[in-house]
Protein chains: 2
Amino acid sequence: MLVVVTERRTRHRGERASEAETIHRDRIEPARASILDSGDADQLARRFKVLSDAGRLRIIYALLEVGEMRVGDIAAAVGSSESATSHQLRQLRDGGLVRSRKVGRSVNYRVADTHVRLLLDVAIEHYLHDHGTAP
Amino acid sequence: MLVVVTERRTRHRGERASEAETIHRDRIEPARASILDSGDADQLARRFKVLSDAGRLRIIYALLEVGEMRVGDIAAAVGSSESATSHQLRQLRDGGLVRSRKVGRSVNYRVADTHVRLLLDVAIEHYLHDHGTAP
DNA sequence: TGAATATATGAACATATGTTCATGTATTAC
DNA sequence: GTAATACATGAACATATGTTCATATATTCA
């Protein structure tokens, strides 16, 4: 759900008490409207948050390469403990980035869909673009 | 710089001391190679981390709509303090997502390039795809 | 059945993160 | 010049996050 901002202007503590406060309502309004239109920023942020850990990214790349792996093999591949890896996998799963299926007494994980790779590719491309490194 | 993992298998504390440890080296190696090829996971994670905060996303969307805004107007648009907004803008700037230029005694910020919007669009598309909501 | 294996999970702990508050630095206005 | 404005910045603080460790839950094997 979106939280609609209705106040005219929130005075925050620590700001010097002045009456000048040049409010450019004409500049602010379209921006505010865009925020509402853009969908819930919190949900989008949550999505990026899952990708904002190097360990989780390593897991995703490992899975993208191999296709499907058990938790233990993933842990070995990324050089982390099985417990930490399990915790990370849960976040990836909750975020809809990977899926799992039980095989015997182990659990195999795989990347959920092609959008994940696309998102990573765009992010890397952006980085390369910024730093002038050859793609 | 990439840190190449060379150990055979790191035993982590808390794991039951067993000698079974079925190591599927053939499955792990290609994954590890992929991680190395994919570039530094830490740097990519840092990039996503900048986008993993709702406040920063709101700032970006505000700037995408208006084009260029002063710090004070951005703060008003997203409903945050000027100090907090300034801190956020610094991260966005360090991450190469926005750029600034001084105008009089204020500072105008704008989104750095078109890759930013693309990245956001792909992320949103992915989310919609996952949740079956109509795009 | 009981032991071993594979993974999941929760509490504790250390570290990271974002906001606030106070202050610093430019720049404009008077 | 001094005052006011606009933004930046650093320390302090509360909260979030990721790892470890100890268990819990399946599942296979003997």
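Numbers restart at 1 for each chain; the letters A, B, ... are given by sequence-line order, proteins then strands.
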Could you tell me which residues satisfy side chain to side chain contact (heavy atoms under 4.5 Å, CB included) with [X], sequence neighbours excluded, listed by chain and number?
| X | result |
| --- | --- |
| B/A84 | B/S80, B/S81 |
| A/R105 | none |
| A/R110 | A/E68, A/R99, A/R101 |
| B/S52 | A/F48, A/K49, A/S52, B/K49, B/R56 |

Atom pairs, protein N/O to nucleotides 8-11 of chain C N/O, distance under 3.5 Å:
from, atom 1, to, atom 2, distance (Å)
C/dA8, OP1, A/Y109, OH, 2.6
C/dA8, OP2, A/S86, OG, 2.8
C/dT9, O4, A/S83, OG, 2.8
C/dG10, O6, A/H87, NE2, 2.9

How many whole angstroms separate atom [atom1] of [X] from atom [atom2] of [N]?
| X | N | atom1 | atom2 | value |
| --- | --- | --- | --- | --- |
| B/I59 | C/dT19 | CD1 | C1' | 13 Å |
| A/N108 | C/dT7 | CG | C1' | 12 Å |
| A/Q88 | D/dT20 | CD | C1' | 13 Å |
| A/I74 | C/dA6 | CD1 | C1' | 12 Å |
| B/L51 | C/dT17 | CG | P | 14 Å |
| A/D53 | D/dA16 | CG | P | 18 Å |
| B/M69 | D/dA6 | CE | P | 16 Å |
| B/D42 | C/dA16 | CG | C1' | 14 Å |

With the side chain defined as heavy atoms from C-beta on, A/R56 is closest, among C/dT17, D/dC7, D/dG18, to D/dG18

Please tabulate, one pair per line, each protein N/O and nucleotide N/O from nucleotides 26-30 of chain D that are separated by under 3.5 Å, including the distance.
from, atom 1, to, atom 2, distance (Å)
D/dA26, O3', A/K102, NZ, 3.3
D/dT27, OP1, A/K102, NZ, 3.3

On a heavy-atom basis, which atom in [X] and which in [Y] lie closest, and how many Å separate them?
| X | Y | result |
| --- | --- | --- |
| B/L57 | A/A45 | CD1-N, 3.4 Å |
| A/I74 | A/L89 | CD1-CD1, 4.0 Å |
| B/T85 | B/V71 | CG2-O, 4.2 Å |

Paired with B/I59, the side-chain contact (heavy atoms from CB on, under 4.5 Å) test is passed by just one of B/L97, B/L92, B/V111, namely B/L92

OP1, OP2 of D/dG18 versus side-chain N and O of A/Q91: anything below 4.0 Å? yes

Look at the side-chain N and O atoms of B/S81 and state whether any lies under 4.0 Å from the OP1 or OP2 oxygen of C/dT20. yes

Between B/R46 and A/D53, is a salt bridge (charged side-chain N to carboxylate O under 4.0 Å, His left out) present by the stated rule, with each step listed?
CA-CA 8 Å; B/R46 233 168 278 149; A/D53 179 79; over 6 Å; no

